[in-house]
**Q** 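Input: one structure, supplied below.
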Number of protein chains: 2
Amino acid sequence: MKKIIIDREYDTDMIGNVTGRRLKTTEASLEILRLILEHDGLTLNELDGMVDSSKSSICSHLNTLLDSRYLIKENGTYYVSFRLALLGERARHRYPTGEDVREIIDRLARATGQEANFTIFEHGRLLACYGTSADENAGESSVRYRSEYHLHNTAAGKAILGELERGDVEAILDHWGLPRESEETITDRDRLFEVLDEYESKDYAVVDEEFAPGLVAIGVPVHGVDGEIVGGVSVGGPKYQNSLTKLERELAEHLFTAANEIESVLREEV
Amino acid sequence: MKKIIIDREYDTDMIGNVTGRRLKTTEASLEILRLILEHDGLTLNELDGMVDSSKSSICSHLNTLLDSRYLIKENGTYYVSFRLALLGERARHRYPTGEDVREIIDRLARATGQEANFTIFEHGRLLACYGTSADENAGESSVRYRSEYHLHNTAAGKAILGELERGDVEAILDHWGLPRESEETITDRDRLFEVLDEYESKDYAVVDEEFAPGLVAIGVPVHGVDGEIVGGVSVGGPKYQNSLTKLERELAEHLFTAANEIESVLREEV
DNA sequence: GATAATCTTTTTCATAATGTGAACAGAGAA
DNA sequence: TTCTCTGTTCACATTATGAAAAAGATTATC
């Protein structure tokens, strides 16, 4: 996998590597919003136990978020507003999340009989965009068990790391670390760089139980019109169904096809 | 339409009627986020022309939003992150936005041959949840032209106002006013109350070109399990196709059915 | 049903933290 | 070069904070 040097013509901060000032008030408000979102509603008292500031101060944040219509209040409990859902929907328009991309992923899953995923690369992580599994009963998108993935222990993530320059990889690892999520997770930085070097000769990356026990997958990056990395596609499943050689021999071609198709969609959308 | 007195057992602030303190820093940050979202990306310079504060200050807000992963930066332009889209998706789970509700609305549109909409009632406004039109070529959800509606000039909105207590209606009108959006929009508060009084004897509200010229529709509220108002359903179309009497005689029954079905879905979801 | 207890929210106010803007510096582009 | 745009520095003044108290509101207890 050749390092993509985008000549700095395209400048995406790998991490929001901000050197300037951060506003603590906004950070506190957003943290409260996040907590309410993740807990599907919280009361003042519950928040008091989670946040390190006084109740009166928390109230000020809640008032502000209410007034800005990011929250609603019902029976003393604060919930995230439907308006936030609409804002999120609007944010989605910028990303390749349409019917055509879902088609491609579904086809990949069907052709291989394995689970296929398309993720977006952002702030040094992969965010679940669309995923499906051929085994599923109905076939439609199930509730995603997770929405954010690390790069170091996922197939698409390792493929992306393999394409990035050393400095960018370092920045990402500095920020997110290499948390262990499975017995096989590579948690040593030097070891990871060794593995990434091996990808030089390949066009894809492999994850062998590093994300979850018994799960093997292969992944590739997906590029935007300017050659920048937009995200990644991966396909894989239980190890007992997929030897690594089978993965690399039989599934890789389907994976390349899917990635190319998504890149075509991205070109059309411009 | 009988006034629903929910005995204060269910307490939804009609408007986020906050008497307490609001945090200007958070408000400024959220305003910047909103501007970036609505303009599909902005540069520092562009923001400088829209916001009343110094560039350095705007930078601080941008840094904070970047760091909190609400924004990304590409080539000097700030965009809303995909992560915000995921947060919004998560917020959506709390609301009746599933396949079953879309079914009901589609069926209402098909049965009547008119456009049907389901909206969520929040902070004194109606937010587009799902809408469809039978005339459409493909039949699938088209891009929504608008996502927020006022109550005083929409069918579902007037139906909701008709059910609320006078004090709540006053609060909403105080906050949002009665902006004119069409020749026929009711912009006089007393006149609006007269019209609302007429609904006492009916079970639905009518909008007769008050939202847009040539558009007539009828609407009803949708209630949650505790009797609180969750949103509204409306159905209607061009006036040349629909006399008011036709609307009220032929379409009303379908509308009631749809509203009841959505309320059933809400009961199941608990 | 009355009283107590708990929780939420808004006050006030003194203090300290922190957001702000002007000026400055740096990076491209013309 | 000069111009334009972005981002940082720093002194100052705004503003967020927490403690305490009190008022509402709800729930628990007798």
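Just so we're on the same page: letters track the sequence lines, and every chain starts at 1.
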**Q** Counting the atoms with a prime plus P, OP1 and OP2 as sugar-phosphate, which does B:S56 contact under 4.0 Å by heavy atoms, base, sugar-phosphate, or nothing?
**A**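 If one applies the 4.0 Å heavy-atom cut-off, B:S56 turns out to touch a base.
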**Q** Among C:dG21, C:dT11, D:dA16, which nucleotide sits nearest the side chain of A:T25?
**A**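 Minimum distance to the A:T25 side chain belongs to D:dA16.
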**Q** Between B:E194 and B:R191, is there a salt bridge with N-O shorter than 4.0 Å?
**A** yes
**Q** Nearest whole angstrom, please: distance from the C1' of D:dT6 to the CD of B:E46.
**A** 13 Å
**Q** Using a heavy-atom cut-off of 4.0 Å across all strands, would you classify A:S60 as base, sugar-phosphate, or nothing?
**A** nothing
**Q** Name the nucleic acid region contacted by A:L44, choosing base, sugar-phosphate or nothing; use a 4.0 angstrom heavy-atom cut-off, strictly under.
**A** base
**Q** Looking for any heavy atom pair under 4.0 Å, which part of the strands does B:K24 touch: base, sugar-phosphate only, or nothing?
**A** sugar-phosphate
**Q** Please determine if a side-chain N or O atom of B:K73 lies less than 4.0 Å away from the OP1 or OP2 oxygen of D:dG7.
**A**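 Answer yes for this pair, as a side-chain N or O of B:K73 is under 4.0 Å from OP1 or OP2.
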**Q** For A:H223 and A:A259, indicate whether the former's side chain and the latter's backbone hold a donor-acceptor pair under 3.5 Å.
**A** no
**Q** Among C:dT8, D:dT6, C:dG21, which is the nearest nucleotide to the side chain of B:T43?
**A** D:dT6
**Q** Measuring from the side chain of A:N63 (C-beta onward, heavy atoms only), which nucleotide among D:dC5, C:dT10, D:dT17 has the closest atom?
**A**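 So the side chain of A:N63 is nearest to C:dT10.
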**Q** A:S53 has a side chain; which of D:dG18, D:dG7, C:dG19 sits nearest to it?
**A** D:dG18
**Q** Please answer whether the main-chain N or O of B:E181 pairs with a side-chain N or O of B:T185 as donor and acceptor at a distance below 3.5 Å.
**A** yes
**Q** Whole-Å distance between C:dT8 P and A:K55 NZ?
**A**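 After rounding, the reported distance stands at 6 Å.
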**Q** So, does B:H39 use its side chain to make a donor-acceptor pair with the main chain of B:L47 at under 3.5 Å?
**A** no
**Q** Between A:Y149 and A:R125, is there a cation-pi geometry (under 6.0 Å to ring centre, at most 45° from the normal)?
**A**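 Because its charged atom misses either the 6.0 Å distance or the 45° angle limit, A:R125 does not stack over A:Y149.
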**Q** Would you kindly give the CG-to-P distance between B:D48 and C:dA22, to the nearest whole Å?
**A** 11 Å
**Q** Just how far, in rounded Å, is P of D:dG7 from CG of B:L65?
**A** 14 Å
**Q** Atom CG of B:L47 and atom P of C:dT20: how far apart are they, to the nearest Å?
**A** 14 Å
**Q** Would you kindly give the CG-to-P distance between A:L62 and D:dA16, to the nearest whole Å?
**A**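 Taking atom P of D:dA16 as the reference, CG of A:L62 is at 15 Å.
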**Q** Which of these nucleotides, D:dT8, D:dT17, C:dT10, is closest to any side-chain atom of A:C59?
**A**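 Closest of the options to the side chain of A:C59: C:dT10.
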**Q** Taking only N and O in the side chain of B:H61, is any of them less than 4.0 Å away from OP1 or OP2 of C:dT20?
**A**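 So the side chain of B:H61 is within the cut-off, an N or O lying under 4.0 Å from OP1 or OP2 of C:dT20.
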**Q** With respect to the side chain of B:R21, which nucleotide from C:dT8, C:dG19, D:dG18 is positioned closest?
**A**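 Closest of the options to the side chain of B:R21: D:dG18.
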**Q** I need the CG-P distance between B:N75 and D:dT6, as an integer number of Å.
**A** 12 Å
**Q** How close or far is atom C1' of D:dT17 from atom CD of A:E27, stated in whole angstroms?
**A**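 Atom CD in A:E27 sits about 16 Å away from atom C1' in D:dT17.
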